[in-house]
Amino acid sequence: MKLSPEQVKQVAHLARLEIRPEQLGHYAAQLSSILEMVSQLAAARTDAVEPMAHPLDMVQRLRPDAVTEEDRRADFQAIAPAVENGLYLVPKVIE
Amino acid sequence: MHNLSIKELSEGLKAKRFSSRELTQHHLDRIARHDWALNSFITVTPERAMAQAAAADAQLAAGAGGPLTGIPLAQKDIFCTRGVKTSCGSKMLDRFVAPYDATIVEKLDAAGMVMLGKANMDEFAMGSSNETSWHGAVRNPWNPGRVPGGSSGGSAAAVAAGLAPAATATDTGGSIRQPAALTNLTGIKPTYGRVSRYGMIAFASSLDQAGVLARSAQDAAYVLQAMAGFDPRDSTSVDCPVDDYPAALDKPLRGLRIGLPDEFFAEGLEPGVRSCVEGAIKKLWELGAEFENVSLPNMPLSVPTYYVVAPAEASSNLARFDGVRYGHRADNAASLEELYKRSRGEGFGAEVQRRIMIGTYVLSHGYYDAYYLKAQKVRRLIYDDFKRAFASVDLVLGPTAQNVAFRLGDKGDDPVAMYLNDIYTIAANLAGIPALSMPCGFHDGLPVGVQLMGNFFDEARMLNVAHQYQQATDWHKRRPPGFE
């Protein structure tokens with residue numbers, strides 16, 4: 001599987017990563033070599049095999065629906081790069 | 001003091017031969033003297049350390065305290081530490097001061113351990129050489145031109161150089177065991193779910209597990225004892241009792257059955273490494289262990305499986321870094337999309353970007369079945385191989401790495417060559433089983449590690465075997481020249 005610079009650009013867009021145009025070719029070559037290594041998987045016979053998402057056979061644990069966390073809004077806002085009047089600031093979304 | 005075991009340090013503290021403040025200052029002094037050459041710490045926290053040491057001394061003076069009270073350690077910078085920078089080796093989090101403690105930080109604090117600082121690591125734990133850290137590469141105390149392994153390279157270098165008696169670490173594909181092998185340490189990756197992941201910055205959530213890097217199996221047993229256990233704040237934490245690891249160390253090895261998988265001794269294993277591992281097999285046989293061949297036929301597919309599963313999970317986990325709530329934010333973005341893209345483009349290094357893109361690609365429409373679903377099926381085959389092996393043996397043994405520590409920059413621009421470093425370690429993460437690396441000799445003056453892989457929750461047995469081996473050998477007591 002070979003990725004073109006154009007495909008890398010598309011994947012980077014999906015991942016919300018800015019990649020400089022002059023880096024696209026380099027990334028395309030490296031990602032292609034990774035996918036080529038990964039393509040060994042195609043040879044494995046897996047017709048009747050259940051996919052394994054997780055090493056432990058466990059189900060999601062439930063807990064009582066009770067408030068256990070204290071309110072630490074101010075602490076969490078203190079580490080944000082830009083806040084004003086208790087709100088997170090982002091560039092204008094609606095024109 | 002920096003060559004004593006944790007047990008000896010604890011006895012010294014209890015007998016008042018030295019105080020925790022003296023012990024802590026001694027290690028802080030060693031960091032100040034040596035770490036400019038190693039770069040094993042991202043942040044040193046002398047004030048926090050001396051305050052914890054003073055509290056430990058007060059506890060000890062009152063006749064209280066446990067086996068770890070007053071003993072210093074380094075925390076890998078992947079664990080959130082309240083009020084202390086937690087960078088995860090990334091520019092993205094370079095100004096991130098964690099608002100809460102990871103569970104294991106709380107537990108080790110509660111056990112009376114003294115945090116010296118935060119250890120350097122590959123960015124977001126993605127790397128096998130500690131060269132991807134935004135804070136610069138870490139050097140191997142055994143040879144400053146060589147890598148210490150990764151991603152827990154700072155933890156390993158600090159402990160190997162005697163800058164800390166032990167360190168926490170994490171292992172997603174070998175990040176505890178490979179650095180242990182390359183720096184002559186004992187490193188244990190517990191069973192998936194044994195140690196809480198709460199407050200441990202996520203890389204690949206179905207693989208990540210926290211563990212210990214230490215200078216002996218006995219030291220590792222004491223620290224792991226304080227870390228392990230159920231945590232309701234981690235939904236994948238397992239609610240089953242924790243064995244008494246130190247108490248299990250002394251069991252004789254007679255009757256122990258160890259499996260040797262051909263796949264771990266195939267082409268690619270450096271002859272000098274092989275002969276050290278064979279020496280360990282002979283020694284364990286002399287100690288009473290029995291050996292038989294086992295087969296893990298799908299093991300060679302573990303690297304390709306991992307490089308689908310881990311990047312897929314990483315691309316999802318790292319989606320949280322958006323430049324809005326915390327972490328790096330690009331200046332003067334004109335739109336929200338530009339803010340996301342530039343913050344992430346500037347904040348993540350090349351290896352993290354590669355893995356995010358691979359993960360995004362294998363999860364994208366049209367490729368999901370061919371890559372992600374296929375990898376999950378092969379993961380099951382690898383898991384089944386181990387299940388079959390453990391029906392006839394107690395442990396599986398093989399080398400930890402194919403080679404000794406390589407030179408800095410050697411695998412610079414070839415990600416696949418770097419990934420193949422973890423060929424022997426990744427299978428245990430995919431299966432979820434515990435695994436340990438311990439020193440077993442030297443090749444070209446550089447340390448070699450041998451790996452034990454155990455059945456689920458068999459940490460006590462693995463530490464026991466490593467301890468018995470270390471009673472009969474002295475490889476683990478060798479110290480790097482210049483750091484004795």
Side-chain angles (χ1 to χ4, degrees), chain A residues 1 3 7-8 10-20 23 26-27 29-31 33-56 58 60-63 68-69 72 74-83 88-93 95, chain B residues 96-97 99 192-193 206 232 235-236 238 298 301 303-305 307-308 315 319 323-329 333-342 344-346 348 353-354 356-358 360-362 364 370-371 373-381 383 413-416 419 430-433:
Chain A
M1 188 68 212
L3 284 187
Q7 282 172 297
V8 173
Q10 175 59 18
V11 171
H13 167 69
L14 293 173
R16 300 295 184 267
L17 278 176
E18 184 184 70
I19 306 282
R20 289 200 304 274
Q23 292 177 303
H26 189 58
Y27 271 124
Q30 288 182 330
L31 299 186
S33 78
I34 296 168
L35 289 175
E36 191 190 310
M37 181 269 285
V38 161
S39 69
Q40 292 171 55
L41 290 176
R45 292 184 56 178
T46 54
D47 304 338
V49 181
E50 269 295 295
M52 176 175 159
H54 203 270
L56 302 167
M58 61 196 308
Q60 185 66 47
R61 201 170 48 237
L62 301 176
R63 62 169 174 80
T68 55
E69 300 294 320
R72 297 192 51 209
D75 292 343
F76 297 141
Q77 289 230 320
I79 54 171
V83 286
Y88 292 91
L89 296 189
V90 294
K92 198 159 129 188
V93 178
E95 292 299 326
Chain B
F96 176 67
V97 175
Y192 180 81
S206 80
S235 66
T236 58
V238 178
N298 294 290
L301 290 175
V303 175
T305 303
Y307 279 97
V308 173
S315 71
V324 176
R325 292 161 302 153
Y326 48 83
H328 177 76
R329 178 190 183 97
S335 69
L336 190 56
E337 184 174 304
E338 190 189 325
L339 177 71
Y340 293 153
K341 285 185 170 175
R342 282 184 35 218
R344 293 162 61 78
E346 294 166 8
F348 293 135
Q353 298 201 0
R354 274 193 289 273
I356 289 174
M357 286 192 280
I358 288 288
T360 303
Y361 180 77
V362 299
S364 62
Y371 288 106
L373 205 62
K374 183 77 181 181
Q376 287 196 316
K377 289 178 176 179
V378 179
R379 183 175 184 180
R380 168 89 54 200
L381 296 177
Y383 169 87
D413 215 26
D414 184 352
V416 174
Y419 298 169
L430 291 168
I433 58 171

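Naming: A, B, ... by sequence-line order, numbering from 1 per chain.
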Please look at [X] and chain A and tell me whether the side chain, the backbone, both or neither of the residue comes under 4.5 angstrom of a heavy atom of that chain.
{"X": "B/S315", "answer": "neither"}
{"X": "B/P99", "answer": "both"}
{"X": "B/A370", "answer": "neither"}
{"X": "B/L336", "answer": "both"}
{"X": "B/I433", "answer": "neither"}
{"X": "B/A431", "answer": "backbone"}
{"X": "B/V303", "answer": "both"}

Is [X] in contact with chain B via its backbone, its side chain, both, or neither, using a 4.5 Å heavy-atom distance?
{"X": "A/A29", "result": "neither"}
{"X": "A/Q77", "result": "neither"}
{"X": "A/R63", "result": "neither"}

Testing the basics here: between [X] and [Y], what is the closest heavy-atom pair and its distance to 0.1 Å?
{"X": "A/L17", "Y": "B/G345", "value": "CD2-N, 4.2 Å"}
{"X": "B/R325", "Y": "A/Y88", "value": "CA-CE2, 3.7 Å"}
{"X": "A/Q60", "Y": "B/S235", "value": "NE2-CB, 3.5 Å"}
{"X": "A/P91", "Y": "B/S335", "value": "CG-O, 3.5 Å"}
{"X": "A/T46", "Y": "B/V378", "value": "CG2-CG2, 3.9 Å"}
{"X": "B/Y383", "Y": "A/P55", "value": "CE1-O, 4.0 Å"}

Output the distance between atom [atom1] ([X]) and atom [atom2] ([Y]), rounded to the nearest 0.5 Å.
{"X": "A/R16", "Y": "B/L339", "atom1": "CZ", "atom2": "CG", "result": "12.0 Å"}
{"X": "A/H26", "Y": "B/D413", "atom1": "NE2", "atom2": "CG", "result": "3.5 Å"}
{"X": "A/I34", "Y": "B/Y307", "atom1": "CD1", "atom2": "OH", "result": "8.5 Å"}
{"X": "B/I356", "Y": "A/L14", "atom1": "CD1", "atom2": "CG", "result": "13.0 Å"}

Check: [Y] and [X] side chains under 4.5 Å, non-hydrogen atoms:
{"X": "A/I19", "Y": "B/M357", "result": "yes"}
{"X": "B/Y361", "Y": "A/L31", "result": "no"}
{"X": "B/T236", "Y": "A/L56", "result": "no"}

* **Most contacts with chain B, counted as non-hydrogen pairs under 4.5 angstrom, among A/E50, A/Q40, A/M52** => A/M52
* Structure fact -> Counting heavy-atom pairs under 4.5 Å with chain B, the top scorer among A/V8, A/T68, A/L89, A/V93 is A/L89
* Under 4.5 Å, counting heavy-atom pairs only, tell me which of B/F96, B/Y419, B/Y340, B/Y192 racks up the most with chain A. => B/Y192
* Determine the sole option in B/R379, B/K377, B/Q376, B/K374 for which the side-chain contact (heavy atoms from CB on, under 4.5 Å) test with A/V49 is passed. => B/K377
* With sequence neighbours excluded, residues passing salt bridge (charged side-chain N to carboxylate O under 4.0 Å, His left out) with B/K341 -> B/E337
